[in-house]
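In each ligand, atom 1 is the first atom listed, and ligand 1 is the first ligand listed. Numbers for residues simply follow the sequence, beginning at 1.
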Amino acid sequence: MMYRILVGHPHPGVRQKVVDTLQDRFLIIPVNLNEVYSQTESVAPRLVLLDAYADDSLLEHLLATGVQTALIAEEANLNLMRKAGLYDVALLTLPLTPGCIDAVLAGEKTCPIPLSAENPIDDALQPKGKDGTEIPGESLRSLTGTTLAKELIVVGSPKGGSGKTVIAVNLAATIHQLTGQSVALADLDVPWGDVPAQLQLTPERNLLAFRSSPEVIRESVVKEVMQRHSSGIYVLASPPGVFDESFIDPSLARKILTNLPRFFDYVVVDTGANLHVHTLEAFRYATKLICVTNYDTATLHDTTRWLNQLKARNIIHEPKDVWQIFNRVTGKEGIDLNEAQAFLGASIVNTVRWSMKIQRAINQGKIPSQADADFGEEIARIVHRLCPQARQSGGLIDRLRNLVAR
Ligand SMILES: Nc1ncnc2c1ncn2[C@@H]1O[C@H](COP(=O)(O)OP(=O)(O)OP(=O)(O)O)[C@@H](O)[C@H]1O
Ligand SMILES: [Mg+2]
């Protein structure tokens, strides 16, 4: 008997892809997400494939009916990362193969599913040298269990020079320090990225190297392209020169944003003060979006306009979805923090004080959060609020206490 598989996905293109790939072996019934309730009753499918936007009540309903569910992870985004744990099978990456559906039906729980040579995921799971032998060395992250980063934190701002890179670099280093888990720092400020300059790194490769990679990037390639910094974080550099190719297309941005979370527990992304397509892609994929602004009326106005832009583009629902960090605060601005917070409609706000020590540390190639205790404490406080999973699982609170007590 041919199993019936219901595909609930809003994009006809994705539904068609699934039909094309699987129709020889399964009876595929493509429907809109909102039809899944009724169709589950009428066609009694063996498996329901859903996209990341399925709401919790639908998942609960399917759980109650006992039908198996799997998530089509065409794109890793906010919803996907939050909800992956709710599905029977957390992650199937397009292109799906009949083999990977067999594994789902057989009750495989760990994903991506290492199955057959036809499954590109299989390749990604087991990095091999050119001669087919395993590549020795430290594994970035086990791909069994959780399949995606716990957080993809994107740092943006409407203003150049507001401190985005300083905040991104220090958040990445502090998350690694406090959680002990793997952290990637991706410089998506194309074409003006300066993460390597702040970290005094001279990377030989940069993110353009991923252009020739398949959609599912191998661990060995990730290791080759990214550079490990002495703080323990892995850095993905942006292209060094300003030339045509420096403006990256959205598909390359998406490739980076969907693959890094497969290899790292946390991914931090630095962006530029622009709304280029790759910047917007980064905002779309963020589980936490941070806006670094300064404390003056012009910047506050710009930030409101920036937030409105993000709302108009359906990247955020409300300004309060964005974490505001007021950087370079001196306390002499003559602006009340509560008023600024209310003006922006922000719910989560942190302030970082201006300090010569921060500038000096950067100029000396040091990580300021490790060189200046006050700044380190503020960054640790932000990490503490940003990464609730780390608090639950990694003893973060204790480590944070130790750090602050030093
Ligand atoms: N809290 C602070 N105290 C003192 N100096 C700071 C602080 N934050 C940032 N700076 C300094 O401000 C400068 C600009 O910071 P940074 O490069 O992080 O800004 P940016 O927003 O990333 O800029 P761009 O838009 O060019 O990418 C740096 O030289 C840094 O040393
Ligand atoms: Mg910068």
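- Proximity of a side-chain donor or acceptor of Asn206 to a complementary backbone N or O of Ala237 within less than 3.5 Å is not detected.
- Checking Pro368, Gly161, Ala273 against atom 24 (P) of ligand 1, the nearest heavy atom belongs to Gly161.
- With respect to atom 19 (O) of ligand 1, the closest heavy atom belonging to the protein is Gly163 N, 3.1 Å.
- Residues Leu252 and His278 form no side-chain contact, since every pair of their non-hydrogen atoms from C-beta on lies 4.5 Å or further apart.
- With Thr293, Thr330, Ile362, Ile358 as candidates, the residue nearest to atom 6 (C) of ligand 1 on a non-hydrogen basis is Ile358.
- Between Asp189, Ile325, Asn327, it is Asn327 that holds the heavy atom closest to atom 7 (C) of ligand 1.
- Taking the centre of each ring, Phe343 and His301 come in below the 6.0 Å mark.
- Note on Lys159 versus Asp302: salt bridge recorded, some NZ/NE/NH1/NH2 to OD/OE distance being below 4.0 Å.
- Taking 4.0 Å as the cut-off between side-chain N and carboxylate O, Asp265 and Lys150 count as a salt-bridged pair.
- Inclusion of Lys164 in the set of residues having an N or O under 3.5 Å from an N or O of ligand 1 is warranted.
- A donor-acceptor pair is defined here as one N or O able to donate and one able to accept, closer than 3.5 Å; no such pair exists between the side chain of Asn32 and the backbone of Glu35.
- Each of the atoms 25 (O) of ligand 1 lies under 4.0 Å from some heavy atom of Gly160.
- In this structure, atom 12 (O) of ligand 1 lies nearest to the protein heavy atom Arg328 NH2, 2.5 Å.
- Within the structure, ligand 1 lacks Lys357 among the residues with a heavy atom less than 4.0 angstrom away.
- Comment: Arg353 does not engage Glu378 in a salt bridge, judged by the lack of any side-chain N to carboxylate O separation of less than 4.0 angstrom.
- Looking at atom 18 (O) of ligand 1, its nearest protein heavy atom turns out to be Val166 N, 2.9 Å.
- The closest heavy-atom contact to atom 17 (O) of ligand 1, among the options Lys159, Gln359, Gln198, comes from Gln198.
- Looking from atom 4 (C) of ligand 1 to the surrounding protein, the closest heavy atom is Ser355 O, 3.1 Å.
- Residue-environment remark: CD (Glu204) stays at or below the threshold of 12 foreign heavy atoms within 6.0 Å.
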